[in-house]
Number of protein chains: 2
Amino acid sequence: MSEPRWLDDLEMAAWTSFVEAGHRVDRALERQLKDEAGLSHPQYEILVHLADAPDGELRMAELADRLITSKSGITYQVAQLEKLGLVRRRACPEQARGVYAVLTDEGSARLRGAAPAHVARVREVLIDVLDREQLAVLAEALGVVGRRLRAHDRA
Amino acid sequence: MSEPRWLDDLEMAAWTSFVEAGHRVDRALERQLKDEAGLSHPQYEILVHLADAPDGELRMAELADRLITSKSGITYQVAQLEKLGLVRRRACPEQARGVYAVLTDEGSARLRGAAPAHVARVREVLIDVLDREQLAVLAEALGVVGRRLRAHDRA
DNA sequence: TAGGTCCAGTTCAAATTTGAACTACTTCGA
DNA sequence: TCGAAGTAGTTCAAATTTGAACTGGACCTA
C-alpha cells in the first residue's frame with residue numbers, strides 16, 4: 001500500500017454530506033412508508049420496479065440487481081409480499097429454473113395508494129430543498145457514480 | 001391528500017441517482033472494510049467518530065445520533081467492539097446514568113491500519129470520479145439536506 | 001451420452017437491526 | 001419532601017439481512 005492521499009476539506013465535506021444525507025433520507029422514508037403505507041422501504045421498492053416493468057413482472061435476479069440487495073433478501077421480501085397478496089410468483093415458461101415475481105391487482109392498487117404521500121415526502125426531504133442547477137449536478141454526478149459501480153457489480 | 005406533484009424528468013433522475021449511488025457506494029465500502037479490515041461499516045464508523053472526539057470518547061446517545069442508528073444498535077455494536085478490545089466503556093462521572101465509549105490504543109491502531117485502504121476506495125468509487133465543481137455542489141446541496149433532517153430528528 | 005460446469009433460486013444458520021418495554025437516576029413543581 | 005415526568009442506556013423478542021451451501025436443470029464438449 002502506497003502513501004494514502006487523504007481527503008482535503010472540500011472532498012471531506014462532499015463525502016460526509018453524501019453519507020449523512022443518504023442515511024437520514026433513508027430513515028425518513030422508511031418511517032414515512034411504514035407509518036402511512038404499512039410497507040417497508042424494500043417492499044415498496046419491489047412494487048415500484050414491478051410496476052415499471054412490462055406486464056408488471058420481473059425475474060428474481062433482475063429485482064435483486066435493481067434493489068441492490070442479495071438474492072436471498074429478494075426471496076424473503078417477495079415471500080412477504082406474497083403473504084400480503086401484493087405479488088405473485090410465476091414459473092418462467094422457458095427457463096425451467098426461472099421465476100417471475102408478478103404484481104397483482106391488489107399490489108398495484110396498494111402502490112397507487114402509497115405513492116402520493118411517498119412522493120410528497122421525497123420532495124420535502126430532498127427535491128424541493130434543492131434548485132434546478134443542484135438537481136442537474138446531482139443527477140449527472142451521482143448517475144456516473146452509480147453506473148460505474150453497477151457495471152462493476154455485474155462483472 | 002391533495003393532488004400529488006409528481007417528479008419531472010430531472011427530479012426523477014436526481015432522485016434515482018441519489019438512491020442508487022447511495023446503496024451501491026454503501027455496499028462497496030461494506031465489502032472493502034470487511035475484506036481488508038475485518039470490520040463492519042457501522043463498527044468502522046464508530047471508531048472514526050471516537051477518534052475525532054476529544055479524548056477519544058463519546059456518550060452512547062451522541063454516537064447513535066452521529067451514526068444515524070437506534071440506541072439499541074449502538075449498544076450492540078459497542079459491545080462487539082468491546083469484545084474485540086477496540087473500545088472500552090466508562091461510567092460517566094457526573095451523570096450517573098451516562099456511559100462513555102472510549103477508543104482503546106488497540107482501537108486507535110486498528111483504525112490507523114484500516115484507514116488508508118478505506119480512503120483509497122472512497123476515492124475510487126466517489127471522490128475521484130467527480131470534478132471540483134461537482135464536489136462543491138454535492139457538499140453544499142447534500143449538506144443542507146442532511147442538516148435539515150438532523151435538526152428534525154433531534155426535535 | 002457421460003461428465004463437468006454454470007445458473008437461478010431457495011434454504012439455512014448466524015449476525016444484525018429495530019422498537020417496545022424496562023431500569024434507575026434526575027429534575028421539577030407544588 | 002413527595003411524586004410525576006424526563007433521560008440514558010439496556011434488554012428482549014421479532015423481523016430482516018447476509019453469505020454459504022444446496023438443488024435441479026441447462027449447456028457444453030469430447
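Residue numbering restarts at 1 for every chain, and letters A, B, ... go by the order of the sequence lines. Just the heavy atoms: all of them, side chains too, but no hydrogens, waters or symmetry mates, feed the values below.
Between B:Gln80 and C:dA15 there is no side-chain N or O to OP1 or OP2 distance below 4.0 Å. Listed pair A:Tyr76 / D:dT17 fails the phosphate criterion, with no side-chain N or O lying under 4.0 Å from OP1 or OP2. For the OP1/OP2 pair of D:dT10 and a distance below 4.0 Å, the side-chain nitrogens and oxygens of B:Thr75 include at least one atom meeting the criterion. The side chain of B:Gln77 contributes no N or O atom lying less than 4.0 Å from OP1 or OP2 of C:dA15. Contact annotation: B:Ser70 side-chain N/O to C:dT17 OP1/OP2 distance is not under 4.0 Å.
Put simply, NZ on A:Lys71 is 16 Å from P on C:dC12, counting in whole angstrom units. Rounding to whole angstrom units, CD of residue A:Gln43 and P of D:dT16 are separated by 6 Å. C:dT17 atom P lies 14 Å from atom CG of B:Leu63, rounded to whole Å. As a whole-Å value, the separation of A:Ile74 CD1 from D:dG19 P is 13 Å. The distance from atom NZ of A:Lys34 to atom C1' of C:dG19 is 10 Å, rounded to the nearest whole Å. One atom, NE2 of A:His41, and another, P of C:dT17, lie 18 Å apart when rounded to the nearest Å. Nucleotide C:dT16 holds its P atom 10 Å from the CG atom of B:Leu81, rounded to whole Å. Rounded to whole angstrom, the span from the CG atom of A:Leu84 across to the P atom of D:dA15 amounts to 13 Å.
At a threshold of 4.0 angstrom between heavy atoms, the contacts of A:Gly73 include nucleobase atoms, whether or not backbone atoms are also involved. Across all strands shown, B:Arg31 has no heavy atoms under 4.0 Å from either base or sugar-phosphate atoms. Across all strands shown, B:Ser40 has no heavy atoms under 4.0 Å from either base or sugar-phosphate atoms.
Nearest nucleotide to the side chain of B:Met60, out of C:dT10, D:dG9, C:dT16: D:dG9. Which of D:dG19, C:dT17, D:dG9 sits closest to the side chain of A:Ser72 comes down to D:dG19. Comparing C:dG9, C:dT16, D:dG9 against the side chain of A:Arg59 picks out C:dG9 as the nearest. Set against C:dG9, D:dT18, D:dT10, the side chain of B:Arg89 has D:dT10 as its closest nucleotide. Taking only side-chain atoms of B:Arg27, from C-beta outward, the nucleotide of D:dT18, C:dT16, C:dG19 with the closest atom is D:dT18.
Salt-bridge annotation for B:Arg121 and B:Glu124: present, with a side-chain N of the basic residue lying under 4.0 Å from a carboxylate O of the acidic one. Note on A:Arg123 versus B:Glu11: salt bridge recorded, some NZ/NE/NH1/NH2 to OD/OE distance being below 4.0 Å. A salt bridge does not link B:Arg110 to B:Asp105: none of the charged side-chain nitrogens sits closer than 4.0 Å to a carboxylate oxygen. Using a cut-off of 4.0 Å between Lys/Arg side-chain N and Asp/Glu carboxylate O, A:Glu57 and A:Arg90 are scored as salt-bridged. A salt bridge does not link B:Glu106 with B:Arg88: none of the charged nitrogens is closer than 4.0 Å to a carboxylate oxygen.
The aromatic rings of B:His118 and B:Tyr44 sit tilted relative to each other, their planes meeting at an angle between 30° and 60°.
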